[in-house]
A.B. asks: 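First, the structure itself, so that you have it in front of you.
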Amino acid sequence: MAHTRIVLLSARQPVDETDIGPKAMSLVRMSRSGLAVPAGFCITAAVFHEHLERNDLVDRLRSLVNELAEANPDNRGSLLSNLRQIIIEAPLVEQTRDEMESLYRELGADRVAVRSSGTAEDLPGHSFAVQHDSFLGITNIKDYIEAVRKCWASLWTLRAYEYRQRNGFDHLKIGMAVIVQKLIDADVSGVIFTADPLTGAGGNVIIEACFGLGETLVSGKVTPDRFVIRKNKLKLWSRTISKKKLERIVNADGLVDEHAIEGERSTSPTLDKRKMKLLAGLAIKIETEFDQAQDIEWAISGGKIYLLQSRPITALPPEKTWEDRQIWCGSPVREVMPDVVTPVTVSMLEGMLAGFFDPIFRLLCVDRGDHPAFDVIAGRVYFNANLWAAVIGCMPGSGIFDGTTFAGGHRGLQEVTRRLQIATEEDLPDLKHKKIRFILKLPLIIAGSLRNTPARGRRILEQIGAEADKWYRLDVTTLSCEQITESLELIVNQFEELLSHVLYLFGMISAYPILHWICTKWLPDDGSCAMQLLAGVGDMTDAVAGLDLWRLAAVADKSNEVKGIILSDDQWDTLKGKLAESDSGKGFLKSWRDFMHNHGHHCRGEIELYNRRWFETPDYILKLVRGYMFQFDRIDPIRNHAERAEQRRQLEQQCRRQLRNPIKRLIFNRYLVHSQQGWVFRENVKSEVVKLLTAMRRLLLELGRKLTERQVLAEQDDIFFLRLDEMSPVVQGSATFDIRRVIADRRTEYDKNSLIAPPDVIFGKFDPDTCIYPEPDENTEVLNGLAVSPGIVTGKARVILRADSDEHLLAGEILVAPFTDPGWTPYFVPAAAIVMDEGGMISHGSIIAREYGIPAVVNVGGATRIIKTGQTICVDGNRGIVTIIE
């Protein structure tokens with residue numbers, strides 16, 4: 001029979017969109033395009049208007065609209081509620097009811113979905129999404145008719161009324177059609193965006209998916225899985241698998257139930273790669289059909305994909321410029337360069353970082369061209385995250401990489417991860433990746449990795465150490481200005497040779513993820529076993545520095561005479577004269593000199609050449625020694641370290657016993673040794689680099705002294721405000737710029753930047769006047785981060801913002817710091833646990849915490865602002881959680 005006021009979604013005859021609303025019209029158009037749309041029909045807005053007229057509700061509506069305009073906002077809800085009830089209770093025209101019932105029977109569905117389709121929905125610039133009601137799981141005619149009336153009535157919910165009022169719609173000219181479709185018993189459902197609703201970028205298809213019906217996703221009850229697909233080649237760019245705690249399903253009685261998802265299924269992917277690509281292809285087809293970016297709802301049942309709705313993404317923001325799309329991260333370098341950098345350091349970094357990164361690019365067969373790997377913003381070094389996202393994207397299997405875990409609770413890094421996961425090809429540099437060459441090169445890469453043995457690392461360290469010691473012992477006072485500039489150039493060249501071993505470093509530390517996988521898959525492991533196997537390995541120079549400082553304090557404590565001198569209020573220049581007057585004092589001075597020889601090249605921010613080293617700040621080390629001497633009766637870090645090393649050895653034996661398969665045991669042993677020695681190599685080679693930097697600093701200071709005597713410079717440390725490539729012209733008197741004026745300008749800029757505290761992450765161009773700084777929730781009691789060293793400890797917090805401050809960390813306290821570098825190592829010795837605003841699995845603080853066996857959680861964004869000194873906190877280094885107890 002013909003149904004003039006009810007339109008089949010599969011209709012081929014012309015249909016007026018004003019009769020059925022844009023939502024229903026999109027279903028008709030998709031059906032005509034041959035896409036799988038669930039069978040159904042649309043009750044047109046004419047039926048709704050007939051319902052109002054036949055029940056004398058039109059004048060009543062007009063009167064109510066006037067009353068609502070004058071009513072107190074608090075009273076509008078009750079007025080609208082009464083109206084909705086009148087619409088629902090009003091009887092249907094008999095002929096219309098018969099027509100509606102007839103179509104329902106012809107549909108032959110066990111269960112249907114009844115959805116609103118307002119005639120003003122999804123218009124350009126406006127979206128009525130979630131403004132009107134829908135009903136699922138309808139199984140009989142009575143409930144179906146009731147649901148249709150309720151959809152009509154939902155035109156007059158408070159949220160719908162206020163939305164129309166804000167956007168200037170005429171309430172009396174709005175109609176409501178109703179879509180009735182066979183309900184898809186979805187195994188998986190979700191939404192697709194053919195453009196990013198937040199940025200307007202249209203290069204990707206963004207798929208969000210959950211188990212069961214999509215209402216849990218739309219209502220925000222679950223965090224969906226997210227898959228980002230490149231449009232041009234349908235390549236998976238990124239995926240984020242969430243923990244999906246709930247799903248809504250249709251039960252045997254036809255009712256929609258909501259229940260918890262248990263076990264591993266909650267964290268399993270909702271879609272495989274084939275389904276992702278199929279959905280992305282359908283989305284592109286729909287976008288082409290509508291000639292506009294689309295927001296598409298879909299469901300999968302029995303392996304078949306159904307399209308439930310498609311609406312335009314309204315009010316897309318304009319696409320950003322290239323500069324505004326760049327993301328700059330300071331976190332990777334914050335632990336070694338926390339402050340404003342000087343021109344001499346920047347000029348050194350330009351060559352050093354190129355030598356560090358270029359071997360990686362060559363290995364991956366990519367060409368970064370002139371795209372910057374880093375930049376100096378507000379005087380600080382920031383890495384370009386877009387470049388590194390593109391590099392990771394060149395690696396096989398990169399699409400399944402989920403960086404959200406590594407962001408921890410750091411809001412800036414969370415946003416970086418989110419943006420890069422949906423980045424389009426226009427956001428990232430074209431690295432001209434030679435994939436075929438890389439594939440052909442893979443056997444050589446694998447063969448080369450087999451040469452990455454600990455013995456090779458020891459040979460590299462011996463070679464670098466000998467060279468560093470040669471420069472470290474050099475008497476710079478015997479050199480002329482020309483010889484100093486030549487020496488600086490030689491050291492820079494030495495850096496390039498040293499950095500040629502970067503692939504060995506990456507090869508060794510890449511063993512740890514494999515070790516972690518082995519422990520979680522082959523052994524009974526709670527996720528902390530691999531980290532426990534890195535405790536107390538020994539021979540890690542920076543970890544030894546903290547223990548040697550404790551030993552130095554122990555030497556002072558052995559002699560009452562030395563103890564009395566050290567604990568006096570005198571400064572080091574006075575103390576050392578007094579200590580030289582006795583045998584016990586001379587013994588302490590020898591220990592002091594040994595400590596400074598081995599570790600005096602360290603300091604806070606030790607990559608910056610301007611920063612004074614420990615051997616230049618003896619009163620700082622003296623302060624630490626005094627602090628340790630008051631804690632001998634409370635802790636013994638030397639014994640603790642030895643005990644943790646023994647516990648680690650016992651755990652190694654236990655793991656080997658549990659691995660009865662000899663091949664698995666062989667693999668375990670290989671990656672265990674490589675992981676342990678990889679971290680040791682990383683820290684020790686960095687220490688040798690810092691020795692070379694210290695030698696550079698000595699050379700620069702001597703050059704500064706000589707040029708000051710010549711009256712070329714006003715002050716000795718002016719030398720740090722020249723670039724390395726400017727040194728020779730300045731020495732030779734051939735500089736083409738006003739030396740003192742340039743230095744003065746650079747000092748002014750340095751001081752200005754020192755007063756600015758830019759955020760860890762910068763999106764686009766930085767403007768200190770308009771930059772929005774993420775504010776932590778200071779009322780939160782549970783902070784999430786990244787677990788980097790296992791164990792659970794409860795204790796008093798001590799917040800320390802700078803390693804060179806006068807603050808003491810007492811035995812058993814928990815150190816809360818913004819980040820840590822080797823200059824912080826002395827604070828680790830008495831610490832019960834570590835909490836950091838920033839950091840990663842391979843950052844210095846994480847490595848030292850594992851070596852000492854101290855629980856640690858990093859990337860706890862805002863920890864130093866939320867946690868207060870003296871509060872009792874619990875640090876869970878197994879799960880990455882910090883809880884404020886009191």
Side-chain angles (χ1 to χ4, degrees), residues 360 395 401 405-406 445-446 448-461 501-544 641 644-659 661-687 786-791 828 834 839-858 877-878 880:
I360 302 172
M395 297 180 184
F401 177 74
T405 301
F406 299 98
I445 294 173
I446 295 170
S449 69
L450 297 176
R451 295 177 54 242
N452 291 335
T453 63
R456 183 185 173 201
R458 287 191 290 271
R459 290 194 298 271
I460 292 172
L461 273 172
H501 300 295
V502 66
L503 295 182
Y504 171 82
L505 171 62
F506 277 97
M508 290 295 286
I509 64 177
S510 65
Y512 176 75
I514 301 174
L515 176 66
H516 180 73
W517 183 90
I518 289 171
C519 292
T520 55
K521 299 299 182 182
W522 295 354
L523 296 166
D525 178 26
D526 62 358
S528 65
C529 179
M531 289 190 285
Q532 293 180 59
L533 289 168
L534 300 181
V537 174
D539 296 328
M540 188 179 291
T541 302
D542 292 344
V544 170
H641 186 253
R644 283 160 184 150
E646 179 58 30
Q647 291 168 1
R648 186 254 309 157
R649 286 189 287 267
Q650 291 176 6
L651 179 60
E652 290 176 6
Q653 294 302 320
Q654 178 184 326
C655 292
R656 293 187 181 102
R657 287 193 299 270
Q658 291 171 337
L659 292 170
N661 184 317
I663 296 177
K664 286 186 174 181
R665 196 159 54 243
L666 184 67
I667 295 171
F668 169 79
N669 285 334
R670 174 182 173 81
Y671 286 103
L672 171 65
V673 173
H674 279 59
S675 297
Q676 292 174 338
Q677 296 306 313
W679 298 123
V680 172
F681 179 84
R682 190 262 194 193
E683 288 301 293
N684 290 355
V685 79
K686 190 175 74 171
S687 180
L786 176 64
V788 294
S789 185
F828 280 54
I834 309 293
M841 187 62 70
I842 65 172
S843 61
H844 169 82
S846 305
I847 295 171
I848 300 300
R850 288 193 292 270
E851 173 65 13
Y852 283 173
I854 303 171
V857 180
V858 303
N878 300 328

A.B. asks: Output the distance between atom CG (L672) and atom CD (Q676), rounded to the nearest 0.5 Å.
C.D. replies: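 Result: 4.0 Å between the selected atoms.
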A.B. asks: F681 versus I460: any side-chain heavy-atom pair under 4.5 Å?
C.D. replies: yes
A.B. asks: To check you understand the geometry: which heavy-atom pair defines the closest contact between F828 and G845, and what is its length?
C.D. replies: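 Heavy atoms only, the tightest pair is CE2-O, 3.4 Å.
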A.B. asks: Please confirm whether the backbone N or O of L534 pairs with a side-chain atom of R850, one donor and one acceptor, at under 3.5 Å?
C.D. replies: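 The answer is no, because no donor-acceptor pair under 3.5 Å joins these two groups.
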A.B. asks: Could you tell me whether the side chain of Q653 reaches within less than 4.5 Å of the side chain of Q650, counting heavy atoms only?
C.D. replies: no
A.B. asks: Does H674 use its side chain to pair, donor to acceptor, with the backbone of N452 at less than 3.5 Å?
C.D. replies: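 A pair under 3.5 Å: yes.
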A.B. asks: Do V685 and Y504 touch side chain to side chain, with heavy atoms closer than 4.5 Å?
C.D. replies: no
A.B. asks: State, yes or no, whether a side-chain contact exists between W679 and E851 at a heavy-atom distance under 4.5 Å.
C.D. replies: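 A side-chain contact is absent here, since even the closest heavy-atom pair is not under 4.5 Å.
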A.B. asks: Quick check for you: to the nearest 0.5 Å, what is the distance between K664 atom NZ and K521 atom NZ?
C.D. replies: 12.0 Å
A.B. asks: Does a donor on one side chain and an acceptor on the other come within less than 3.5 Å for T541 and N684?
C.D. replies: yes
A.B. asks: Rounded at 0.5 Å granularity, tell me how far CG in L651 sits from CD in Q532.
C.D. replies: 5.5 Å
A.B. asks: For the residue pair G791 and P855, what are the closest heavy atoms and their distance?
C.D. replies: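 Taking every non-hydrogen atom into account, O-CB, 3.4 Å.
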A.B. asks: For a side-chain contact (heavy atoms from CB on, under 4.5 Å) check, start with the C-alpha distance between V537 and Q677, then their side-chain angles and the critical distance, and finish with the verdict.
C.D. replies: CA-CA 8 Å; V537 174; Q677 296 306 313; 3.8 Å; yes
A.B. asks: Okay, side chain of S846, backbone of I842: is any donor-acceptor separation there less than 3.5 Å?
C.D. replies: no
A.B. asks: Would you name the heavy atoms of P513 and I509 that are closest together and state the gap between them?
C.D. replies: CD-O, 3.6 Å
A.B. asks: side-chain contact (heavy atoms from CB on, under 4.5 Å) for N661 and W522? Distances and angles first, verdict last.
C.D. replies: CA-CA 10 Å; N661 184 317; W522 295 354; over 6 Å; no
A.B. asks: Looking at R649 and E646, does any basic side-chain N land under 4.0 Å from a carboxylate oxygen?
C.D. replies: yes
A.B. asks: Which atoms form the tightest heavy-atom contact between G538 and V680, and what is the distance?
C.D. replies: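 Minimum heavy-atom separation between G538 and V680: O-CG2, 3.8 Å.
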A.B. asks: So, do S789 and I834 sit near enough that their side-chain heavy atoms are less than 4.5 Å apart?
C.D. replies: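 Of all side-chain heavy-atom pairs linking I834 with S789, none is under 4.5 Å.
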A.B. asks: Nearest 0.5 angstrom please: M540 CE to I848 CD1, how far?
C.D. replies: 5.5 Å
A.B. asks: Compare every heavy atom of G507 with every heavy atom of S510, then report the nearest pair and how far apart it is.
C.D. replies: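 Looks like OG-O, 2.8 Å.
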A.B. asks: Do the side chains of H641 and R644 get nearer than 4.5 Å, heavy atoms only?
C.D. replies: no
A.B. asks: Check G536 against A645 and note the closest heavy-atom contact, atom names and distance.
C.D. replies: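 Shortest heavy-atom contact: O-CB, 3.3 Å.
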A.B. asks: Rounded to the nearest 0.5 Å, what's the gap from OH on Y671 to CG on L666? Could you check?
C.D. replies: 10.5 Å
A.B. asks: Side-chain contact, heavy-atom cut-off 4.5 Å: S675 with L533?
C.D. replies: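 Side chain of S675 against side chain of L533, heavy atoms only: no contact under 4.5 Å found.
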A.B. asks: Do side-chain atoms of R648 reach the backbone of A535 as a donor and acceptor pair under 3.5 angstrom?
C.D. replies: yes
A.B. asks: Around atom CG of D539, are there more than 12 heavy atoms of other residues, nucleotides or ligands at under 6.0 Å?
C.D. replies: no
A.B. asks: Does some side-chain heavy atom of H516 sit less than 4.5 Å from a side-chain heavy atom of M531?
C.D. replies: no
A.B. asks: Backbone N or O of L659 within a donor-acceptor pair of the R665 side chain at under 3.5 Å?
C.D. replies: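 Such a contact is found between R665 side chain and L659 backbone.
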A.B. asks: Rounded to the nearest 0.5 Å, what separation is found between the CD atom of Q658 and the SG atom of C529?
C.D. replies: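 That separation rounds to 8.0 Å.
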